[in-house]
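Quick notes on the structure that follows.
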Amino acid sequence: MTPSPRPPQPDENPAGIDLPLDPLPGHSSRGRLERILRRGEFAVTTELNPPDSADPEDVYERAKVFDGWVDAINAVDASGANCHMSSVGICALLTRMGYAPVYQISCRDRNRIAIQGDVLGAAAMGVANMLCLTGDGVQAGDQPGAKPVFDLDCMSLLETVRTMRDEQKFLSGRKLTTPPAVFLGAAINPFAPPYEFRPHRLAKKIAAGAQFVQSQYCFDVPMFREYMRRVNDLGLTEQCYVLCGVGPLASAKTARWIRANVPGIHIPDAVIARLEGAADQKKEGKQIAIDIINEVKEIEGVSGIHVMAYRQEEFVAEIVHESGVLKGRRPWRREPRADDAMVAERLDHILHDSPTETPQAIVSQAAT
């Protein structure tokens, strides 16, 4: 898409990192991801794999490894039909700390009533980006006896959220007092047959409301290049931002298992052979991801990358840095606040030097 002029406004609200940015003309959200894409900068997004925990620190520990390297973090919604902390819960935690989450919404587990309510709740918490997915079938997960819902699919979900945002109404026709200001996304898979249909499916998603898309893992650059050629010929990159999915493979054994067991992921024999021939397969898997980034970033119409590193999240910063894809740009990171050290010192003094004080007194002093 054609970039708009660089806005004078900063990508952080000076009144607080958890507060929304000022609205910009032509933007549907107040989020950083949309700003970065619209001004023509190459965007980097990633995924936070949700914990099996109710401890918010488990989310923050996982998010910290991305600080300063990514523009937005996808909150995964029970991928593979396995239950974890909810994506809307993760988004609530991330927005509280100033991160830019992408709220993944799967149609598998909730009907249209629940989904529309969650969209409003997420938007109210400051979530600016939403990715609409149909979702894996329950038979893929560890609770195959669960009842699938699929009241909507990715297309009708896109249309639903777009209707809420642009027409300020629920699917029932009832009016919203304040619509959700969100940047709408979807997933694409250029590597699944029928290949010639994939660009046209993207066109359908754009017509339904998609403004950005993230692709399935790319391990076959020539196939992705051909897909993008067709997408460009249809003029779709003038209407939607395309982020190419990339990620490291831990070993040749892992690659073979993924290829055999995960639908929609295409891994060529040449990639597996390269891993098998490496002395350090994990290191080689990371290098393959870097090499793929360096190829796809030059393809016309590619606006960014989506780095997926399941159980290898510590590699995301290295992959982004070594690929040079940011060209010196530094994405947002949570900086220590001026009063952080003062508050920590005060609490340490209260907890360690005043052990006889009551809990009520400790809370009162910490608040002063």
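The shortest distance between side-chain heavy atoms of Arg62 and Glu313 does not fall below 4.5 Å. Residues Tyr60 and Arg96 meet the side-chain proximity criterion, which asks for heavy atoms closer than 4.5 Å. Annotation: side chain of Ile319 is in contact with side chain of Lys286 (closest heavy-atom distance under 4.5 Å). Contact of the Val231 side chain with the Glu300 side chain is not registered, since no non-hydrogen atoms from C-beta on lie closer than 4.5 Å. Tyr103 is listed as a side-chain neighbour of Asp118, based on a closest heavy-atom distance under 4.5 Å. With a 4.5 Å cut-off on side-chain heavy atoms, Phe212 and Gln214 count as touching. No side-chain heavy atom of Tyr217 sits under 4.5 Å from any side-chain heavy atom of Phe191. In this structure the side chain of Leu243 reaches within 4.5 angstrom of the side chain of Leu37, judged on heavy atoms.
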Begin from the C-alpha positions of Leu249 and Phe219 and carry the test side chain to side chain contact (heavy atoms under 4.5 Å, CB included) through to its verdict. CA-CA 10 Å; Leu249 291 164; Phe219 295 109; 3.6 Å; yes
Just do the side chain to side chain contact (heavy atoms under 4.5 Å, CB included) check on Met164 and Lys169 with the steps written out, would you? CA-CA 5 Å; Met164 295 173 70; Lys169 64 181 182 181; over 6 Å; no
Step by step, work out the side chain to side chain contact (heavy atoms under 4.5 Å, CB included) result for Phe224 and Val296. CA-CA 8 Å; Phe224 183 70; Val296 301; 4.0 Å; yes
Under the side chain to side chain contact (heavy atoms under 4.5 Å, CB included) rule, what do Val70 and Val316 come out as? Steps first, then yes or no, please. CA-CA 9 Å; Val70 304; Val316 170; 4.1 Å; yes
Under the side-chain hydrogen bond (donor to acceptor under 3.5 Å, both in side chains) criterion, do Thr160 and Gln116 qualify, and how do the steps go? CA-CA 8 Å; Thr160 296; Gln116 289 174 93; over 6 Å; no
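Both Val246 and Phe315 are members of a single hydrophobic cluster when ILVMFWY side chains are connected at heavy-atom separations under 4.5 Å. Residue Val127 is not grouped with residue Leu94 when hydrophobic side chains (ILVMFWY) are merged at heavy-atom distances under 4.5 angstrom, including chains of intermediate members. Following chains of ILVMFWY side-chain contacts shorter than 4.5 Å, one cannot reach Phe183 starting from Ile36, and the two form parts of different hydrophobic clusters. Cluster annotation: Ile90 is not connected to Val76 through the hydrophobic network of ILVMFWY side chains, with a link wherever side-chain heavy atoms come within less than 4.5 Å.
Atom OG in Ser323 sits 5.5 Å away from atom NZ in Lys297 (nearest 0.5 Å). Distance check, rounded to the nearest 0.5 Å: CE of Met125 to CG of Leu93 gives 9.0 Å. With rounding to the nearest 0.5 Å, the separation of NZ in Lys253 from CD in Gln281 is 11.0 Å. Here the straight-line distance linking atom CD of Glu318 with atom CD1 of Ile290 works out to 8.0 Å at 0.5 Å rounding.
Open room surrounds CD1 on Ile113; 12 or fewer heavy atoms of other groups in view lie less than 6.0 Å from it. Heavy atoms of other residues, nucleotides or ligands lying less than 6.0 angstrom from OH of Tyr310 number 12 at most. Environment of NZ in Lys175: crowded, with over 12 heavy atoms of neighbouring residues, nucleotides or ligands closer than 6.0 Å.
Residues passing the salt bridge (Lys or Arg N to Asp or Glu O under 4.0 Å) test with Arg229 are Glu226, Asp233, sequence neighbours excluded. Among residues two or more places apart in sequence or in another chain, the side chain to side chain donor-acceptor pair (under 3.5 Å) test is passed with Asp166 by none. Listed by chain and number, the residues in a salt bridge (Lys or Arg N to Asp or Glu O under 4.0 Å) with Asp67 amount to none (sequence neighbours excluded). Applying the side chain to side chain donor-acceptor pair (under 3.5 Å) criterion to Thr254, with sequence neighbours excluded, gives Ser251. Under the side chain to side chain donor-acceptor pair (under 3.5 Å) criterion, Ser29 pairs with Glu34, sequence neighbours left out.
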Atom pairs and distances, side-chain donor-acceptor, residues 130-147, under 3.5 Å, sequence neighbours left out:
residue, atom, partner, partner atom, Å
Thr134, OG1, Cys154, N, 3.0
Asp136, OD2, Gly80, N, 2.8

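Of the residues Ile293, Ile292, Ile305, the one that meets the side-chain contact (heavy atoms from CB on, under 4.5 Å) test with Cys218 is Ile292. Of the residues Leu157, Ile105, Asn111, the one that meets the side-chain contact (heavy atoms from CB on, under 4.5 Å) test with Leu152 is Leu157.
With hydrogens and angles ignored, the 3.5 Å screen pairs a side-chain donor or acceptor of Asp55 with a backbone N or O of Glu57.
Using a 4.0 Å cut-off between charged nitrogen and carboxylate oxygen, Arg259 and Asp269 count as a salt-bridge pair. Remark: Asp71 does not engage Arg32 in a salt bridge, criterion side-chain N to carboxylate O under 4.0 Å. Using a cutoff of 4.0 Å between basic side-chain nitrogens and carboxylate oxygens, Asp22 and Arg30 are not scored as salt-bridged. Contact check on Arg108 versus Asp151 returns no salt bridge, with no Lys/Arg side-chain nitrogen under 4.0 Å from an Asp/Glu carboxylate oxygen. A salt bridge is absent between Arg162 and Glu159: the closest approach of a Lys/Arg side-chain nitrogen to an acidic carboxylate oxygen does not fall below 4.0 angstrom.
Here the closest non-hydrogen pair linking Pro50 and Met85 is CB-O, 3.6 Å. Among all heavy-atom pairs drawn from Ala186 and Ala210, the shortest one is CB-CB, 4.2 Å.
Looking only at atom types and distance, the side chain of Gln216 has no donor-acceptor partner in the side chain of His266 under 3.5 Å away. If you check the side chains of Ser53 and Asp58, you find a donor sitting under 3.5 Å from an acceptor.
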